[in-house]
Amino acid sequence: GDGNGNMGTWTGRFAAYEDIPDTYQQEMIWFDAIPEMYTVKEIRIQRTENFQKVTIDIIEKNMGEIKIEEKKCNDENADDITSVLNDFEPKKVANGISVYYKQTEESVKYIFTAEGTTVKITGDKHMEKEIEAMIASVRTDWNRK
């Protein structure tokens, strides 16, 4: 089946974007600029009646890993990302999106919202350029090639 039953939680694991059923693809945020040396390792989708959470692990052969978490909620508080942002600072606006940024010893983290979906991207600390290029390439329509 296509997983349209609204009861309980649906969870799926995929090895590539192309494997994801259309229903879920339409709800996701897409990035055109995945860094060159990186490949998708796994995409996990968890869906309940109230939210859809997508976790995408992208790895580079030698070292780096980028993790993307997308969370879309159906309740009114969905747009309130301020609760997540305690020690994030505003970065720049990419692609018309306000981006928040945080750097730690090991990693960089970015948070933004697009189409009611909160997106968090985490990568190794030397990866700002790649991640910012990804954010600049965001789109909300899978079919727009």
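Each residue takes its place number in the sequence, starting with 1. What's counted below: heavy atoms across the whole structure, side chains too, no hydrogens, waters or symmetry copies.
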Atom [atom1] in [X], atom [atom2] in [Y]: separation rounded to 0.5 Å?
X    : Y    : atom1 : atom2 : result
T122 : I131 : OG1   : CD1   : 7.5 Å
Q46  : Q52  : CD    : CD    : 10.0 Å
N50  : K72  : CG    : NZ    : 14.0 Å
E130 : I34  : CD    : CD1   : 11.5 Å
E106 : H126 : CD    : NE2   : 13.0 Å
D19  : Q25  : CG    : CD    : 9.0 Å

Heavy atoms, side chains only, cut-off 4.5 Å: are Y38 and M127 in contact?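 Contact flag for Y38/M127 side chains = yes.
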
Any heavy-atom pair between the side chains of Q103 and K125 that's under 4.5 Å?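 Heavy-atom side-chain distance check passes, below 4.5 Å.
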
So that I can tick it off, tell me whether K71 and E69 are bridged by a salt bridge, with the cut-off set at under 4.0 angstrom between side-chain N and carboxylate O.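 The answer is no: the pair does not qualify as a salt bridge.
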
Considering all heavy atoms, the nearest A133-A33 contact: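 Nearest heavy atoms, A133 then A33: O-CB, 3.8 Å.
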
I43 versus A16, closest heavy-atom pair with distance: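 What the structure gives for the nearest pair is CD1-C, 3.7 Å.
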
Between [X] and [Y], is there a shared hydrophobic cluster once you connect ILVMFWY residues whose side-chain heavy atoms come closer than 4.5 Å?
X   : Y    : value
I59 : F14  : no
I66 : M37  : yes
W30 : V138 : yes
I56 : F51  : no
Y17 : V119 : yes

Test log, rule side chain to side chain contact (heavy atoms under 4.5 Å, CB included), inputs I45 and M28: CA-CA 10 Å; I45 299 178; M28 288 170 63; 4.2 Å; yes

Quick check on side-chain contact (heavy atoms from CB on, under 4.5 Å): which of T11, V54, T23 does R47 satisfy it with?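 The passing option is T23.
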
Kindly confirm or rule out a cation-pi arrangement of K109 over F88, judged by NZ or CZ under 6.0 Å from the six-membered ring centre and within 45° of its axis?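 Checked: cation-pi criterion not met.
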
For the side chain to side chain donor-acceptor pair (under 3.5 Å) test, which of K91, E132, K120, E128 pairs with Y110?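 The option that passes is E132.
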
Just say parallel, tilted or perpendicular for the rings of F112 and F31, cut-offs at 30° and 60°.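 Plane angle over 60°, so perpendicular.
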
Short side-chain to backbone donor-acceptor contact, E70 and I29, under 3.5 Å: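 Yes.
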
